[in-house]
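Step one of this worksheet: look at the structure below.
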Amino acid sequence: MTQAASLVLVCVLQFFNTMILGSLLLSFIMAAVVAQKLQKNYKSGLLTRRIWNLCVHVAIVLSLTAIINMCVKKILNLQSDEHIFKFIQAKMGFKTRDFDANLYLCEEPFQLLPYDTLGRLADSFLLYPYAIVLFFLIIVTAITVFYNLSNPSSTKKMNPQQQTRIVRADIAYNLMHSILFGCLAISTMRMKYLWTSHMCVLASFGLASMDVWGTILRLLRLYTPQRTSALQYCASLLAVVTVLYKFWPRIAEEISELREFYDPDTVQLMNWIKTNTPKYAVFAGSMQLLAGVKLCTGRILTNHPHYEDKDLRDRTKQVYQIYAKRSPEDVHSILRSFGTDYVILEDSICYERRHGRGCRLRDLLDINNGNIMDGPGYNDPDLSPSPSPRFCDELKRDSPSYTKYFTRVFKNKTFHVYRLSRRAVTK
C-alpha cells in the first residue's frame, strides 16, 4: 500500500497527471490486495494443493490487474500510454505502421542490448560478483520456496540460526527485480540503467552480507562467527581497493579535463531568435530542437518533447509533416491551426543519413501517410506515390506556390527559419 500511496502522491505532485492512475503497477497493487482477501487459505493443504492454489492466485491477480486497468482507463479516458503497448507488440515481432512505435524502434537505445556490454561490465569487475551472487541466490531461493511450500508451518518454529539460511522476503523481492530488469535491459538497451543499478546492489549485498558468507561456510563446515565477519570485511575491502586501483587514474583524468560543448550553428540560431522575434512568437520544429528553443529563448512551442501524452504525440506527428510529402497549403493549414508563427527546418532531418531506409523520419512519415519511401528498395504493395514533393526540400527552392505561405527569415548551414503568412488558405 505504500507504493500505491506513493504513486497517488506522484500523480498529485505532477499536477494531477492521470497517466499515473492508469499505470499497471497501481492496478496490480489493487488486484493483489483484492485477491488476498478472496483467497485467504491458499497456503494451506498438501504440496500439490498449495502449488495449485498459488497458480490460481497468480492467475486471479493478473486477470484482476487487466480488468482494473481497463476499467480505470475507460472511466478516465486515458490513452497516454497506448504507444508503449504498441512498442511492446512491435518488439515481440508484430509488424506495425504506427508512427510512434516505429519512432522508438528505429532508435539505437531501443534495440537489443549489445553483446559487448557484458564485456564492459566484466571489465569493471561488476559482472563476476553479480553473476556469482545471482546464481547463489536463485538456488537458495528455489530451495527456500520449495521448503516453505512443503512445510507450511515449519518456518515459524525455526531458531534464529536456521532462519539465516533462508532467503528473506526483502532479498527475494530485490532478486526478482534484478532478474526482471535484466530481461528488460536485454530486450531494450535504454532500460540498462535500471539493471546496472540493481547489479551493483546485488553484488554489494553478496560481498558484504553475513548471511551469504555464513551459508557458504556452513556448507563447507567451516562456520564460525569470527571467520564469517573476517571474510565479509576482507571481501568488501578487496573489492574497493581493486576498483580504486583500476579506475582512479581514469577518474582523476576526467575530473581534470574541463570541456565545453559548443555548436556555433545552434548558438547563432538561438541568438537570432532572442533578438529578432517577438517575445510571444510561436515556434514549430523537431522536439529536440524546440526543447533548446524553450530553454534558451523562452519562446512558445507548438509541440513540447513530453511524449507520454496522446494529444502531444498527435500534435508532434502533425507538426512533423514539414518533413513529409505534403502540399504547402496542407502544411500551412496544419501549422496555423496550432498558432505557429515560425517553423524551423533542419537539414539533418530533411536529408537524414544516420538511419537506414525505412527508419529515417521522412520514411516513417511517408509510411504513416500511405506513400512510398524515397530511394531504391522494397515498398509495401498498398503504398502509393505522393502527388506532392517533399515539403522541406521543395520549400528551399523558393517557388511562388511556397513563398506565398512561407517567408525565409534566417538561414545557416544547419537551420532554416520561415515565417508563416497569416492569410487564409484558399482552395
Side-chain angles (χ1 to χ4, degrees), residues 1-44 50-51 53-89 91 100 104 137 141 144-145 148-149 152 155-156 166-185 187-188 190-202 204-205 306-313:
M1 295 305 294
T2 303
Q3 290 186 344
S6 300
L7 287 173
V8 174
L9 182 60
V10 169
C11 172
V12 174
L13 294 177
Q14 290 188 351
F15 306 100
F16 296 95
N17 182 359
T18 53
M19 180 181 172
I20 306 296
L21 301 179
S23 68
L24 283 173
L25 176 58
L26 190 57
S27 301
F28 176 80
I29 294 171
M30 296 169 63
V33 173
V34 173
Q36 192 173 22
K37 298 295 183 182
L38 294 176
Q39 271 192 307
K40 294 183 178 180
N41 298 321
Y42 71 93
K43 294 182 180 180
S44 61
R50 287 164 63 82
I51 294 176
N53 289 342
L54 183 61
C55 294
V56 172
H57 182 77
V58 171
I60 291 175
V61 171
L62 295 179
S63 301
L64 282 176
T65 298
I67 293 171
I68 293 173
N69 192 257
M70 287 189 294
C71 291
V72 170
K73 288 182 177 179
K74 191 73 174 178
I75 294 171
L76 299 179
N77 192 25
L78 298 178
Q79 296 177 310
S80 298
D81 60 349
E82 63 178 10
H83 65 298
I84 299 176
F85 293 99
K86 292 177 181 178
F87 168 76
I88 293 174
Q89 289 178 351
K91 290 289 286 187
D100 301 314
Y104 281 115
L137 288 179
T141 301
T144 303
V145 170
N148 288 341
L149 287 174
T155 55
K156 300 179 181 179
I166 295 183
V167 176
R168 302 191 308 268
D170 57 334
I171 299 173
Y173 176 83
N174 282 280
L175 174 64
M176 186 61 66
H177 265 244
S178 183
I179 294 173
L180 293 176
F181 285 150
C183 296
L184 189 62
S187 65
T188 307
R190 189 169 185 175
M191 299 295 106
K192 183 178 64 175
Y193 76 97
L194 294 172
W195 187 39
T196 51
S197 59
H198 258 268
M199 291 177 74
C200 295
V201 170
L202 215 61
S204 301
F205 165 76
H306 178 72
Y307 221 56
E308 277 63 49
D309 182 273
K310 187 179 187 301
D311 293 335
L312 283 177
R313 288 199 302 272

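Position 1 is the first residue of the sequence, and the numbers go up from there.
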When rounded to the nearest 0.5 angstrom, what distance separates [atom1] in [X] from [atom2] in [Y]?
| X | Y | atom1 | atom2 | answer |
| --- | --- | --- | --- | --- |
| L78 | M70 | CG | CE | 14.0 Å |
| N17 | L7 | CG | CG | 11.5 Å |
| K192 | M199 | NZ | CE | 10.5 Å |
| L9 | T2 | CG | OG1 | 12.0 Å |
| I68 | S63 | CD1 | OG | 10.5 Å |
| I84 | Q89 | CD1 | CD | 12.5 Å |

For D170, all residues meeting side-chain hydrogen bond (donor to acceptor under 3.5 Å, both in side chains), sequence neighbours excluded:
R168
Mind checking what makes side chain to side chain contact (heavy atoms under 4.5 Å, CB included) contact with F87, not counting sequence neighbours?
K91, Y104, L105, F110, T188
For residues 21-33, which side-chain donor-acceptor pairs fall under 3.5 Å, sequence neighbours excluded?
unit_1, atom_1, unit_2, atom_2, d
S23, OG, I20, O, 2.9
S23, OG, L26, N, 3.4
S27, OG, S23, O, 3.3
S27, OG, N69, ND2, 3.2

Show me the donor-acceptor pairs, under 3.5 Å and distance only, between side chains in residues 176-185 and residues at least two apart or in other chains.
unit_1, atom_1, unit_2, atom_2, d
H177, NE2, Y173, OH, 3.2
S178, OG, Y130, OH, 2.7

With sequence neighbours excluded, tell me which residues meet ring-ring contact (aromatic ring centres under 6.0 Å, His included) with F205.
none
What heavy-atom pair brings C200 and S204 nearest, and what distance separates the two atoms?
O-OG, 2.7 Å
With salt bridge (charged side-chain N to carboxylate O under 4.0 Å, His left out) as the rule and sequence neighbours excluded, what pairs involving residues 66-78 come up?
K73-D81
